[in-house]
Amino acid sequence: MTSAPADPRGLDLERLLGHLDRARPGLVTGALRGRLIEGGRSNLTYEITDGTARWVVRRPPLGHVLATAHDMRREHRVIAALHGTAVPVPEPVLLCEDAEVLGAPFYVMEYVDGVPYRTAGELAAIGPERTRQAVLALVDTLVELHAVDPEAVGLADFGRPEGFLDRQLRRWGKQLAASRGRELAGIDELHGALGRRLPDSPAPTVVHGDYRLDNVLIGESPSGTDTIRAVLDWEMSTLGDPLTDLGLLVMYSSDLGLPASPVGTTSGAAGHPTPAELVERYAARSGRDTGAIAWYTAFAWFKLAVILEGIHYRYTLGQTVGAGFDRIGELVPVFIEHGLNTLQELQEG
């Protein structure tokens, strides 16, 4: 006799099935099985199947406190708005805001086959030419996202674009203050310099907020070439300055100079386009002025330094467990240095 597989933590499959049967009669044709999809950073992501079809469930982390940080309605709304545009996103199935079902709001979307390439090593398996095309497709998809008219897809009130960069800088400054447990040379200098050199933002667009290669699924197109099948993880999306997405993409395409780092970029993969190539392609295809991209890239370095310092701070308090957390703290000065050097390039330019 074999026992039934246990439900993944945070996902009561029987209650989920009951809700799906009530909300979408006929969608599910059998008992559900599920598994946690590893690699998610904040919200929890599960694959579920009835043996015939597959879907994905997204819910906040267990024991979450700040609802605004894990807003299922917001994620579901932007995916539903973008579905049917040139931006590839999974088709939404339903949103459930009744916390009685799974203990927190959640949404269900279609399952999309594809690979999220997270490291240069993973890209090495597909070779330099496919790597180059995948990263260039990432830029092209970003251009498509920033070309979407927010009003036309019902997202005119999705954010507050006025003063976006100033608010972002203040927000991450507050995050830094909340996780200060040691002296960090250069961090205040970087924050202050960014504030003194705020660029004029272009017209606002839908921004993803965490746009990088491992937040998209790459798979084979009907013609046999690699294509971006879906853009995922929309929890930080809003209306704002599109060049913040580009700056973050440039940062994640830059060489950290730390081959064994627990936090890396994909830049070391053979065939990977240079940051300059990415900026040039985006500018040519979007028509936007990217002359201030050094500021946006420096801001991305600062933001990641703050995020990593927060992780390090929680580690020192014994609030994080797992491999690699003990080395996060040593990375923060590297990100600060990259940010300062990038701003220096802006000044010299």
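Numbering of residues begins at 1 and proceeds along the displayed sequence.
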For [X] and [Y], which heavy atoms make the closest approach, and how far apart are they?
X: Thr131; Y: Leu123; result: OG1-O, 3.3 Å
X: Leu239; Y: Leu155; result: CD1-O, 3.2 Å
X: Ser179; Y: Val306; result: OG-O, 4.5 Å
X: Val279; Y: Ile293; result: CG2-CG1, 4.0 Å
X: His146; Y: Pro242; result: CE1-O, 3.1 Å

From [X] atom [atom1] to [Y] atom [atom2], the distance as rounded to the nearest 0.5 Å:
X: Leu343; Y: Glu189; atom1: CG; atom2: CD; answer: 9.0 Å
X: Leu138; Y: Gln133; atom1: CG; atom2: CD; answer: 12.5 Å
X: Asp210; Y: Leu248; atom1: CG; atom2: CG; answer: 6.0 Å
X: Phe106; Y: Glu75; atom1: CZ; atom2: CD; answer: 14.0 Å

Kindly work out whether a path of hydrophobic side-chain contacts (I/L/V/M/F/W/Y, heavy atoms less than 4.5 Å apart) joins [X] to [Y].
X: Leu102; Y: Leu27; value: yes
X: Leu217; Y: Tyr211; value: no
X: Ile218; Y: Val112; value: no

Do [X] and [Y] come close enough that some side-chain heavy atom pair is under 4.5 Å?
X: Val231; Y: Glu144; value: no
X: Cys96; Y: Val108; value: no
X: His208; Y: Trp234; value: yes
X: Val153; Y: Thr85; value: yes

Do the numbers put Arg74 on top of the ring of Phe158, so that NZ or CZ is under 6.0 Å from the six-membered ring centre and no more than 45° off the axis?
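Judged by the rule, Arg74 and Phe158 form a cation-pi pair.
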Are [X] and [Y] close enough for a salt bridge, meaning some N to O gap below 4.0 Å?
X: Glu309; Y: Arg182; value: yes
X: Arg229; Y: Asp113; value: no
X: Asp98; Y: Arg15; value: no
X: Asp157; Y: Arg77; value: yes
X: Asp233; Y: Arg58; value: yes

Keeping the roles fixed (side chain from [X], backbone from [Y]), state whether a donor-acceptor pair exists under 3.5 Å.
X: His191; Y: Arg170; result: no
X: Thr49; Y: Arg54; result: no
X: Arg22; Y: Gly18; result: yes

Decide side-chain contact (heavy atoms from CB on, under 4.5 Å) for Leu317 and Tyr313; before the verdict, give the C-alpha distance in whole Å, the side-chain angles of both, and the deciding distance to 0.1 Å.
CA-CA 7 Å; Leu317 298 177; Tyr313 181 65; 3.7 Å; yes
Report the C-alpha distance between Asp214 and Arg212 in whole Å, list the side-chain angles of each, state the deciding distance to 0.1 Å, and finish with yes or no for salt bridge (Lys or Arg N to Asp or Glu O under 4.0 Å).
CA-CA 6 Å; Asp214 62 339; Arg212 50 203 165 102; 3.1 Å; yes
Just jot down the ring-ring contact (aromatic ring centres under 6.0 Å, His included) partners of Tyr117, sequence neighbours excluded, or say none.
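Counting only residues at least two positions away or on another chain, Tyr117 forms no ring-ring contact (aromatic ring centres under 6.0 Å, His included).
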Verify the neighbour count for atom CZ of Arg160: are there more than 12 heavy atoms of other residues, nucleotides or ligands below 6.0 Å?
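No, CZ of Arg160 has 12 or fewer neighbouring heavy atoms, counting only those of other groups under 6.0 Å.
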Looking at Trp295, Trp301, Tyr296, which one forms a ring pair (Phe, Tyr, Trp, His ring centres under 6.0 Å) with Phe299?
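Of the listed residues Trp295, Trp301, Tyr296, the ring pair (Phe, Tyr, Trp, His ring centres under 6.0 Å) partner of Phe299 is Trp295.
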